Chemist: 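I'd like to ask you about the structure that follows.
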Amino acid sequence: MIDLKLLQKDFQTISNKLSRKGVDAELLENLKIKNEELKVAKALYETLQAAQNSMSKDFGIYKKEGKDTTELKAKVDENKIKISEALETQRIKQEALESLAMSIPNIPDDDVPEGKDENDNVEIKKVLTPREFSFTPKEHWELAEQNGWIDFERGVKLATSRFSVSFGMGAKLERALINFMLNFNSKRGFDEVSVPSIVNRAALEGTGQLPKFEDDLYKLQDQELFLIPTAEVPVTNLYQDEILAANQLPIKMTAYTSCFRKEAGAAGRDTRGMIRQHQFHKVELVSITKPQQSDEIFDEMVQTASDLLSALELPHRLVRLCGGDLGFGAAKTIDLEVWLPGQNTYREISSVSNTREFQARRAKIRFKDGDKNSFVHTLNGSSLAVGRTLVAIMENFQNEDGSITIPKVLTPYLS
RNA sequence: GGAUAGAUGGGUGAGCGGCUGAAACCACAUCCCUGCUAAGGAUGCGUAUGGGUAACUGUACCGAGGGUUCAAAUCCCUCUCUGUCCA
């Protein structure tokens with residue numbers, strides 16, 4: 001959630017910044033007005049309530065002293081009607097404000113490039129050089145089927161389209177990758193956690209998936225519970241509504257979970273293969289930091305994901321997302337894109353974001369900042385998407401006969 | 001699924017419907033005293049939000065949501081969660 005005080009104080013700046021994320025100034029104007037209206041309504045209610053409280057106190061004193069309370073009672077009853085009216089207006093204003101405020105995305109950092117969509121993202125650097133093939137490299141689905149690693153039809157049989165099944169070495173490799181990634185991240189100081197795959201509405205509101213993106217989520221039929229679209233949700237919300245001690249920070253965590261996404265609006269995109277599935281494995285990094293250390297930790301997370309790809313000998317590049325491509329909660333994001341020779345292109349395999357205090361404000365995650373409480377910064381990033389890593393391994397390590405060489409670092413995990 | 005007990009501030013744990021935003025203890029912070037593997041004393045110490053330069057002060061919050069009342073942590077209802085017992 002954006003800082004309403006800041007909006008009130010420096011409307012133009014906020015509005016300019018958010019316009020880069022495609023937020024209409026009118027919407028913000030509206031938010032500002034709603035905020036002011038709420039303040040007025042609250043002030044009225046509180047004044048009336050103060051009067052009521054003081055009269056009630058008098059009432060007690062009167063009774064004790066045996067004085068007549070008829071007149072006071074009349075006054076108090078009259079005031080009571082005004083209070084209930086004032087309270088109702090305040091409640092309506094509050095709801096209006098909240099529902100609007102919760103749907104406004106985070107303010108992008110100043111160094112976020114201008115741009116409309118992914119075509120305006122800015123490459124930072126390439127890491128490792130893609131190998132030269134003496135033959136035409138195949139795409140991963142062909143290799144996956146040829147090697148008997150992945151069965152797309154049977155996934156559909158069990159569930160629906162965009163589900164797949166891994167067999168044999170395909171399944172083993174997935175498991176090896178998960179373990180390798182978790183160990184790698186642990187060595188970099190990210191503590192391993194294992195969390196629920198189902199979360200409640202408050203958790204999703206905390207990280208920003210709700211209320212705006214309910215269509216992307218799988219929801220349980222009988223309860224207000226959802227399948228997680230990313231481990232970011234349960235892991236970040238671990239500290240929801242808590243005030244952390246300054247010396248607890250930074251908290252750096254890594255978690256493996258399955259992720260579930262409806263991929264609404266992705267019709268026709270990546271329909272073939274396992275680039276875009278409804279269920280996929282992912283190892284995530286989440287950090288909770290003091291504001292002044294979040295940039296440093298952000299870089300550390302990007303570096304960790306990049307080093308992980310390098311350890312797997314996968315060529316990749318770092319891309320700074322432009323304003324228009326930035327996610328709802330992100331102030332800045334760097335994507336890691338892995339080279340896929342079969343597709344002859346770089347594809348997203350990790351996305352590292354600093355949400356600054358956007359999620360912390362929603363999830364009420366604070367820390368003791370000297371003698372006052374401040375919001376923490378929260379960051380998240382994949383390290384890495386397992387399915388896409390498997391895809392990258394297949395395409396980069398393929399041989400002319402369609403067989404696949406296993407990256408050296410994974411062999412200890414496969415014995 | 002049924003029965004029953006419970007849910008209070010960082011922790012333990014009091015709390016007659018009004019003087020309770022909440023005793024006490026622990027923890028924590030600052031200071032004092034003293035000095036030896038310690039102890040003692042003083043003060044402060046919940047969260048959010050409004051007003052005020054500040055001192056200070058208004059409002060709300062004792063699992064959540066409703067209700068009764070001039071007045072609710074305290075009474076009533078519903079729900080959630082936890083413990084125990086039964087199936």
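Chain identifiers are assigned alphabetically (A, B, ...) following the order of the sequence lines, protein sequences preceding nucleic acid strands; residue numbering begins at 1 within each chain. Source: prediction; values computed, not measured.
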Chemist: Are A/R320 and A/D325 within salt-bridge range, i.e. N to O under 4.0 Å?
Modeler: no
Chemist: Over all heavy atoms of both residues, which pair between A/T304 and A/S383 is shortest? Give the atoms and the distance, please.
Modeler: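 Where A/T304 meets A/S383 most closely, the heavy atoms are CG2-OG, 4.2 Å.
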Chemist: Does anything in residues 78-103 of chain A come within less than 4.0 Å of RNA chain B? Heavy atoms only, and list the residues if so.
Modeler: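 Going residue by residue through residues 78-103 of chain A, the ones with a heavy atom under 4.0 Å of RNA chain B turn out to be A/K80.
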Chemist: Report yes or no: is the cationic atom of A/K282 (NZ for Lys, CZ for Arg) closer than 6.0 Å to the six-membered ring centre of A/Y256, at no more than 45° off its axis?
Modeler: no
Chemist: Work out how far the C1' atom of B/G13 is from that of B/C56, and round it to whole angstrom.
Modeler: 32 Å
Chemist: Taking atom P in both B/G40 and B/C25, compute the distance separating them and give it to the nearest angstrom.
Modeler: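 Those two atoms are separated by 13 Å.
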Chemist: Would one find more than 12 heavy atoms of other residues, nucleotides or ligands at under 6.0 Å from atom NZ of A/K75?
Modeler: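 Open.
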Chemist: So if I take residues 44-61 of chain A and measure heavy-atom distances to RNA chain B, which residues fall below 4.0 Å?
Modeler: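 Result for residues 44-61 of chain A: A/E46, A/Q49, A/A50, A/Q52, A/N53, A/S56, A/F59, A/G60, sorted by number.
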Chemist: In whole angstrom, give me the gap between the P atoms of B/C76 and B/A22.
Modeler: 25 Å
Chemist: With the threshold set at 4.0 Å, does a side-chain nitrogen-carboxylate oxygen contact exist between A/K364 and A/E242?
Modeler: no
Chemist: What integer distance in Å separates A/D77:CG from B/A71:C1'?
Modeler: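 Distance, rounded to whole Å: 12 Å.
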Chemist: Assign A/K75 to base, sugar-phosphate, or nothing according to its heavy-atom contacts below 4.0 angstrom with the strands shown.
Modeler: nothing
Chemist: Both distances under 3.5 Å, Watson-Crick or G-U wobble: report the partner of B/C16, or none.
Modeler: none
Chemist: Suppose we define a pair by two distances each less than 3.5 Å, Watson-Crick or G-U wobble; what does B/G58 pair with here?
Modeler: B/U49
Chemist: Does B/A42 have a Watson-Crick or wobble mate here (both distances under 3.5 Å), and if so which one?
Modeler: B/U30
Chemist: When both hydrogen-bonding distances must be under 3.5 Å and the geometry is Watson-Crick or G-U wobble, what is B/A64 paired with, if anything?
Modeler: B/U78
Chemist: If you assign A/K73 and A/K39 each to the RNA chain B nucleotide with the nearest heavy atom, which residue ends up on the more 5' nucleotide?
Modeler: A/K39
Chemist: Could you tell me how far apart A/Q240 (CD) and B/A64 (C1') are, to the nearest whole angstrom?
Modeler: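 Taking CD of A/Q240 and C1' of B/A64, I get 14 Å after rounding.
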Chemist: Checking base pairs now: Watson-Crick or wobble, both atom distances under 3.5 Å. What partners B/U84?
Modeler: B/A3
Chemist: When the C1' atoms of B/G2 and B/A14 are considered, how many whole Å apart are they?
Modeler: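 34 Å, rounded to whole Å.
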Chemist: Answer yes when A/E85 and A/K82 have at least one side-chain N-carboxylate O distance shorter than 4.0 Å, and no when they do not.
Modeler: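 A/K82 and A/E85: not salt-bridged.
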Chemist: If we check side chain to side chain contact (heavy atoms under 4.5 Å, CB included) with A/V193, which of these qualifies: A/T257, A/V235, A/V286?
Modeler: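 For A/V193, the side chain to side chain contact (heavy atoms under 4.5 Å, CB included) test succeeds with only one of A/T257, A/V235, A/V286, which is A/V235.
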Chemist: State the pairing partner of B/G35; accept Watson-Crick or G-U wobble contacts with both distances under 3.5 Å, and report none otherwise.
Modeler: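 Check on B/G35: unpaired, no WC or wobble geometry under 3.5 Å.
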Chemist: In whole Å, what is the span from the CD atom of A/E224 to the P atom of B/U80?
Modeler: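 To the nearest whole Å, that distance equals 13 Å.
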Chemist: Write down the distance separating the C1' atoms in B/C77 and B/A72, rounded off to the nearest Å.
Modeler: 15 Å
Chemist: Hunt down the Watson-Crick or G-U wobble partner of B/A73, both distances under 3.5 Å, from any strand shown, or write none.
Modeler: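 In the structure as shown, B/A73 has no Watson-Crick or wobble partner.
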Chemist: Could you check whether any side-chain N or O of A/T355 sits under 3.5 Å from a backbone N or O of A/T378, counting only pairs where one atom can act as donor and the other as acceptor?
Modeler: yes
Chemist: Which whole number of Å gives the distance between the P atom of B/G11 and that of B/A27?
Modeler: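 That atom pair is separated by 15 Å.
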Chemist: If pairing requires Watson-Crick or G-U wobble contacts with both distances under 3.5 Å, which nucleotide is the partner of B/C25?
Modeler: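 The answer is B/G11, by the H-bond criterion.
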Chemist: Any cation-pi pair here, A/K73 with A/F59, using under 6.0 Å and within 45°?
Modeler: no
Chemist: Aromatic ring centroids of A/F213 and A/F328 under 6.0 Å?
Modeler: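 Under 6.0 Å, so yes.
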Chemist: Could you measure between the two C1' atoms, the one in B/G10 and the one in B/G46, and give it in whole Å?
Modeler: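 These two C1' atoms come out 9 Å apart once rounded.
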Chemist: Using atom C1' of each nucleotide, how far apart are B/C81 and B/C16 to the nearest Å?
Modeler: 30 Å
Chemist: For a quick test of reading the model: is some side-chain N or O of A/K42 closer than 4.0 Å to OP1 or OP2 of B/G51?
Modeler: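 For B/G51, OP1/OP2 do not have a side-chain N/O of A/K42 under 4.0 Å.
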Chemist: Is the distance from OP1 or OP2 of B/U47 to the nearest side-chain N or O of A/K372 less than 4.0 Å?
Modeler: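 False: A/K372 side-chain N/O out of range (4.0 Å or more) of B/U47 OP1/OP2.
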Chemist: Any ion pair linking A/D191 and A/K252 (charged N to carboxylate O, less than 4.0 Å)?
Modeler: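 Salt bridge: no.
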Chemist: Rounded to whole Å, how long is the line connecting atom CG of A/D241 with atom P of B/G46?
Modeler: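 Roughly 17 Å, once rounded to whole Å.
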